[in-house]
Amino acid sequence: MFASKANKLIQRLRSPFKQRRYGGVATGESSPGSGSSRLVLGIETSCDDTGAAVLNETGSILGESLHSQKEVHLRTGGIIPTVAQQLHREHIERVVHEALERSGVDPRQLSAVATTVKPGLALSLGVGLEFSLSFVRRHGMPFIPIHHMEAHALTVRLLQPVPFPFLVLLVSGGHSLLAVARGVDDFLLLGRTLDEAPGDTLDKVARRLSLTKHPLCSVLSGGQAIELLARDGDRLRFPFKTPMGQTYDCSFSFAGLRNQIKMTIEKKEAEEGIKQGTLLSCVNDIAAATQHTVACHLAKRTHRAVLFCKANGLLPSLAPTLVVSGGVASNQYIRKALGVITEATGLRLLCPPAKFCTDNGVMIAWNGVERLKEGKGILPPDADVSYQPKAPLGVDLTSQVKAAAIRVPSIQINIS
Ligand code: KG4
Ligand code: ZN
């Protein structure tokens, strides 16, 4: 049960759903395909992708461009912020120019520029922000600062009608969180990672296994490599413990799991008489067990979040929805594990295609469009804006979720 203060907060937050329609403009007239002339340029540089896109108000992608630094960071064994900054500097002008050129839009035709300003790597965010401010000042147009996680959460609305509120699981290299999306700038945070994000864990495990030396994985991100190898692996060979089994909230933790995996790798290396840096014969099995345990952890916490939302009336009774996004959401095994939960709880599961799950300029432009339509967070070109490497998402309900201590019924995640 909740303490009364917590109860009051939830009551207040449970305000009647303003079933805002997809593309919720004041007139309610806008829908994909209908004509509207406002155009937004979106710019993303929060981590290791330099992205830009031009969208119109109905969500049509008029032009886009993306430069990924993945290969460089794979070679250096992780993101070095100064290297990321330098690469953003080298590519941002070309990427923005390409997006504009492909869209056939002249900068003067834009209604606004939307750019990620939080959270992310300080040095990376700085490049996008500096470029964007000089662009909007040069062209005298409004600037819309974007929260990277809000943009991930709302990308699904670019692709199909998803009314607020909905539950969202965001899992990437930098983030792991569960939230209720109630509006363009209105989120309730139910849980987040206490240490690292699942994509980071998968990247580190892949590095420890030297998967870039695997002939099938040399250009894949850690998560992609683990998903690929897991297909031919036996997940039961290494029974890793699902994290936080005795903590009845929606937080995540992956550092302990990574340690379990590391110890197993060390043991197998000793058994096979090989050194770190050489591929183990059991990489497929380790990948399968890692992926399965990450999936089970995400599924269990998400299950609890669904039950918490249901107990507190935070989701509509008609077509309650779970949206899963972020780079890790492109993992098919993890999607299926979450599908088991949504099926058991009667939710609709929506995952944007992989292209829209990872970082790109489109999701930022779309967030700009949504904000422009609602008139939220639109600044004049001369506004003093700074970036924020750390930025929480929404109203923090994590302690209320913990206090509720909801026991989740056991569900077997058996995915072939
Ligand atoms: O959203 P994203 O492009 O960047 C941020 O972290 O914000 O996500 C990248 C992360 C990386 O950690 C990568 O290993 C992971 O997403 N990832 C995957 C898959 N594809 C990318 N993880 C699991 N399975 C995948 N198929
Ligand atoms: Zn991201």
Side-chain angles (χ1 to χ4, degrees), residues 42-51 66-71 73-74 77-79 81 84 88 115-121 124-125 128 146-156 168-177 192-193 196-209 211-212 216-217 219-231 233 252 254 257-258 287-288 290-295 297-298 323-338 351-364 366-367 389-391 393 415:
I43 298 178
E44 158 65 30
T45 66
S46 68
C47 189
D48 56 351
D49 291 297
T50 317
L66 186 66
H67 174 262
S68 169
Q69 306 176 357
K70 192 173 72 186
E71 271 185 48
H73 299 310
L74 269 176
I79 299 174
H88 283 306
T115 302
T116 308
V117 300
K118 61 187 174 183
L121 295 174
S124 295
L125 289 166
I146 302 292
H147 190 299
H148 183 81
M149 303 316 287
E150 290 183 5
H152 268 308
L154 302 191
T155 305
V156 70
V168 58
L169 170 68
L170 295 179
V171 273
S172 70
H175 298 277
S176 184
L177 61 85
R192 64 170 157 300
T193 185
E196 60 195 44
D200 191 21
T201 309
L202 295 173
D203 291 341
K204 284 174 174 155
V205 169
R207 263 203 306 279
R208 181 61 186 78
L209 286 166
L211 294 188
T212 49
L216 298 175
C217 303
V219 295
L220 300 185
S221 69
Q224 287 170 322
I226 284 178
E227 178 170 22
L228 182 72
L229 296 181
R231 284 190 200 144
F252 301 93
F254 295 93
L257 170 63
R258 183 156 59 81
T290 300
Q291 177 177 259
H292 177 72
T293 314
V294 167
H297 185 39
L298 295 175
V323 170
V324 187
S325 197
V328 177
S330 42
N331 184 295
Q332 295 302 321
Y333 190 94
I334 290 172
R335 287 184 181 206
K336 284 184 190 160
L338 293 164
C351 308
K355 169 183 187 311
F356 292 104
C357 278
T358 46
D359 293 351
N360 56 71
V362 173
M363 71 181 201
I364 305 305
W366 174 246
N367 205 251
K390 287 195 190 314
L393 178 74
I415 294 155

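Positions are given from 1 along the sequence. Atoms within each ligand, like the ligands themselves, are counted from 1 in listed order.
Under 4.0 Å is where a charged nitrogen must lie from a carboxylate oxygen, and between Arg207 and Asp203 no such pair does.
How far CG of Asp359 is from OG of Ser124: 10.5 Å, rounded to the nearest 0.5 Å.
Looking at Gln332 against ligand 1, nothing comes within 4.0 Å, counting heavy atoms. For Gln224, heavy-atom contacts with ligand 1 shorter than 4.0 Å involve the backbone as well as the side chain. Residue-level proximity to ligand 1 for His148 is carried by the side chain, the only part with a heavy atom below 4.0 angstrom. Contact annotation for Thr358 and ligand 1: heavy atoms of both the backbone and the side chain come within less than 4.0 Å of the ligand.
The Zn ion (ligand 2) lies at the vertex of an angle of 90° between the NE2 atom of His152 and the NE2 atom of His148 (rounded to 10°).
Across Ala206, Ala230, Cys47, Ser221, heavy-atom proximity to atom 13 (C) of ligand 1 is greatest for Ser221.
Protein heavy atom nearest atom 4 (O) of ligand 1, with residue, atom name and distance: Asp359 OD2, 3.2 Å.
Close to ligand 1: His152, with a non-hydrogen atom less than 4.0 angstrom away.
Residue-level check: among N/O/S atoms of Asp359, OD1 sits closest to the Zn ion (ligand 2).
The heavy-atom pair separating Ser330 from Ala354 by the smallest distance is CB-CB, 3.5 Å.
Each of His152, Met149, Arg192 was compared with His175 under the side chain to side chain contact (heavy atoms under 4.5 Å, CB included) criterion, and only Met149 meets it.
At most 12 heavy atoms of other shown residues, nucleotides or ligands fall within 6.0 angstrom of atom NZ in Lys336.
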